[in-house]
Trainee: 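Below you'll find the structure I mean.
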Amino acid sequence: MSLYFLCFILFCVGLYSVLRKRNIIKIIIGLGIMEYAVNLFLILVGYRMHGRAPIFAKDQEILNMVDPLPQAMVLTTIVIGLAVTIIAVSLAIRIYEKYGTFDITKIRSLKG
Amino acid sequence: MSILLYFTIVPLGTAFLVTLLRKKKGISDLLAVLSSLYLFGLSLATAGLTKSHGVMIYKVGGWFPTIGITLVVDGLSAFLLVAINLVAFLVLIYAISYMERYTDKWKFHALFMFMLAGLNGVIISGDLFNLYVFLEIASISAYALVAFGVKPQNLEAAFKYTIMGAVASIFILLGIALLYSYTSTLNMADVAYCLSDKAKNPLLVFIWVLFLAGFGLKAALVPFHAWLPDAHSSAPSPVSAMLSGVVIKTIGIYALMRIFFNVLGVSINLLSVLMASGILSMVVGAFLAIAQNDIKRMLAYSSISQVGYIIFALGVGTPLAILGGLFHLFNHAVFKSLLFLDAGAIEYSTGERNMDKLGGLNNKLPVTGYTSLMAAMSISGIPPLAGFWSKLIIIVAAVEAGYIGYAIVAVLISIVTLVYYLKFQSFVFFGKLDAVYNKIQEVPLAMKTALVILAVICVMGGLMLTGTFRPFLEGASNVILSGTGYKQAVLGAIR
Amino acid sequence: MKNKEPGMSLIVKTITRFTVGLVLVYGIFITLQGHVSPGGGFAGGIIITLAFIQLMLAFGQDEVLRKLNQEKGLLLAGIGAILFLVIASRIFLKPQQHSFVAEKHFQLLSAGFLSLSEIAIALMVAAGLFVIFLTLVLLIEEEEKEKK
């Protein structure tokens with residue numbers, strides 16, 4: 001149980017970084033931390049003590065295996081996270097090009 | 001029922017083909033318009049089939065459900081599929097001329113088709129994680145589309161949207177992970193089935209909060225609305241029309257309805273939360289909209305306000321209210337995309353978006369002027385038009401359910417809506433023409449066609465309540481009303 | 001002191017010459033074995049991309065851009081995506097004819113269309129990821145040039 005809470009603390013660290021930091025790059029890193037906290041949680045959900053990977057192998061019988069579905073989900077989430085990070089990073093590069101800063105308090109041409 | 005598969009195959013295939021054939025000029029327009037026309041026809045056929053078949057199931061790859069992924073289409077899905085593909089088709093026709101101003105038009109079409117695939121996928125998916133994946137496909141392409149102009153404002157808005165959207169997605173993913181750990185299944189019908197067997201657990205409340213925050217962010221309910229005015233006003237006009245008209249409804253409201261009403265089951269608490277946030281969105285959106293001078297920014301705030309009406313209707317929860325809410329959803333998809341396309345047409349001809357600097361355009365841009373008049377009248381609830389009926393139904397239902405105070409607020413906000421649309425019309429289309437704009441021309445044919453068709457639907461929308469179209473609307477509202485009866489419908493259709 | 005020729009030092013270049021082929025072959029191996037053992041198109045594709053990125057880091061961008069530029073990369077990614085879509089829709093539309101589960105285990109030629117789809121995914125991922133890398137790198141370089 002304590003593992004789940006540690007996972008949740010990691011999630012909160014990421015959320016803090018997204019909400020409180022002013023630097024765009026730190027915000028993107030915070031997103032990554034949040035994402036990986038959820039991935040870790042998914043893996044923990046499917047884990048079973050002393051279980052092994054559910055892969056069919058020669059001359060072996062699998063008695064105690066971990067749940068493969070969360071692992072497949074995590075693979076998908078990693079790809080999605082990659083796409084989001086790429087979009088965010090390329091936007092950050094472009095923003096730096098136009099505004100000359102990474103500080104979100106100084107990037108304010110839109111208001112209202 | 002392999003027809004359901006085409007809803008994602010066709011737009012994805014078009015997006016890849018457009019990428020391959022990017023060198024040939026004009027071919028991306030042709031491909032995108034043809035495939036969206038095909039999708040629109042397919043969605044109409046699906047709506048017809050759901051009427052005769054009830055719930056349609058497709059087992060992906062032939063795996064038995066709860067192990068494999070299922071695609072499910074019922075009345076609600078068919079209703080939204082028609083709305084999405086109708087708006088997408090007309091927006092793409094409009095974009096033939098409008099997007100000429102941008103370089104690399106094929107990128108627009110490829111991203112647009114990805115977004116369409118994501119939106120259709122969210123609607124037809126019968127599996128929680130699959131829904132999340134399609135939701136992300138739609139969101140990621142929407143982030144890129146908002147930044148399409150690469151002007152500083154676009155980038156800033158897109159960055160804001162990306163961060164907010166990504167946080168919302170992670171909330172949704174955490175909710176799905178917790179739900180999976182609790183029920184050990186991802187199939188939506190099966191999750192509902194497992195939850196009905198289990199006793200109440202505080203974990204469920206946490207899952208609720210996560211989903212409400214996630215989908216609330218995507219639908220821009222009021223505490224979470226900060227990104228919407230920036231993103232929707234900075235994007236190119238066809239994209240704004242798509243975002244405001246369809247995207248927030250699909251990945252926000254539809255997913256909210258499906259998960260809360262059909263999977264988790266509703267309670268009085270949830271309904272009151274929805275009602276309160278709906279009223280809050282209505283009021284805040286409307287009052288912020290009055291203060292705006294930028295046309296597209298005003299329309300974006302108006303979207304927040306109108307989404308408030310839909311959420312409020314869902315919160316009231318009586319059959320009549322849900323019917324009205326869904327009808328308003330369809331109407332809003334039509335008239336808000338029409339208004340954004342009109343704003344785009346004004347910008348196309350005059351290059352100006354500030355209302356104070358415009359005026360008297362009605363003589364120069366008659367088609368734009370009259371279509372926008374229709375949409376503005378419809379959205380502010382002038383009697384014979386569609387918007388009037390949907391708002392009337394929502395307000396009558398609220399009164400019937402005993403929420404008279406809320407109903408009065410809804411009426412007042414409707415008047416405020418009328419005020420700011422009158423301001424829009426009089427500042428932009430009536431009055432004296434500025435000498436600067438003496439030489440402007442009416443927009444090209446493709447743009448005019450889309451505007452006129454949308455305006456006609458806007459005027460005729462009231463017919464949805466009568467005769468042949470009514471079962472279509474009722475089929476959608478029945479799905480929500482049946483609540484967790486969804487599981488019997490889907491599991492019954494599987495066997 | 002600045003190097004006249006592009007890229008890193010001689011040691012890095014020599015080692016890259018030895019390893020880049022191995023990395024490429026390993027990526028292809030992971031791709032082709034995807035339906036038999038852990039791995040598959042995505043992992044294999046990323047390893048193939050890593051080989052190209054290593055080349056680019058060691059020898060400078062001109063060397064690699066001559067072999068694979070953005071245009072070609074996009075073309076390959078598009079072809080991979082379309083191939084995958086065709087295979088997937090063929091399987092999904094007629095699931096009875098194609099079995100996902102192999103009749104013969106632990107052999108390279110088993111599982112029918114599944115191995116073909118792995119190749120398509122690897123093509124798409126490798127080319128797509130490399131194009132993304134190139135775009136981001138070139139974006140930064142453009143910016144630096146503008147400043148000077």
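By convention in this document, chain letters (A, B, ...) are assigned in the order of the sequence lines, proteins followed by strands, and residues within each chain are numbered from 1. For clarity, every value in this text was computed on a predicted model and none was experimentally measured.
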Trainee: Can you give me the closest heavy-atom contact between Ser89(C) and Ile9(B), atom names plus distance?
Mentor: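 Residues Ser89(C) and Ile9(B), closest heavy atoms: CB-CD1, 3.2 Å.
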Trainee: Does Lys13(C) have more than 12 heavy atoms from other residues, nucleotides or ligands lying within 6.0 Å of its NZ?
Mentor: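 It does: Lys13(C) NZ has more than 12 such atoms within range.
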Trainee: Suppose we screen for side chain to side chain donor-acceptor pair (under 3.5 Å). Which residues come up paired with Arg17(C), at least two apart in sequence or across chains?
Mentor: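 Arg17(C): no side chain to side chain donor-acceptor pair (under 3.5 Å) contacts found.
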Trainee: Just wondering, are more than 12 heavy atoms of other shown residues or ligands nearer than 6.0 Å to CZ in Phe52(C)?
Mentor: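 Result for CZ/Phe52(C): open.
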Trainee: Counting only heavy atoms not in Phe133(C) (residues, nucleotides, ligands), do more than 12 fall under 6.0 Å from its CZ?
Mentor: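 For Phe133(C), atom CZ is crowded (more than 12 foreign heavy atoms under 6.0 Å).
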Trainee: Listed by residue number, which members of residues 74-82 of chain C have a heavy atom under 4.5 Å from any heavy atom of chain B?
Mentor: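 Within residues 74-82 of chain C, the residues under 4.5 Å from chain B are Leu74(C), Leu75(C), Gly78(C), Ile79(C), Ala81(C), Ile82(C).
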Trainee: Just checking Ile11(C): does its CD1 atom have more than 12 heavy atoms from other residues, nucleotides or ligands closer to it than 6.0 angstrom?
Mentor: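 Check fails, neighbour count at 12 or below.
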Trainee: Counting a contact as any heavy-atom pair under 4.5 Å apart, which residues of residues 117-129 of chain C contact chain B?
Mentor: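 Listed by number: none.
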Trainee: Applying side chain to side chain donor-acceptor pair (under 3.5 Å), name anything that partners Lys107(B), two or more places apart in sequence or on another chain.
Mentor: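 Once residues adjacent in sequence are excluded, the partners of Lys107(B) under the side chain to side chain donor-acceptor pair (under 3.5 Å) criterion are Asp104(B).
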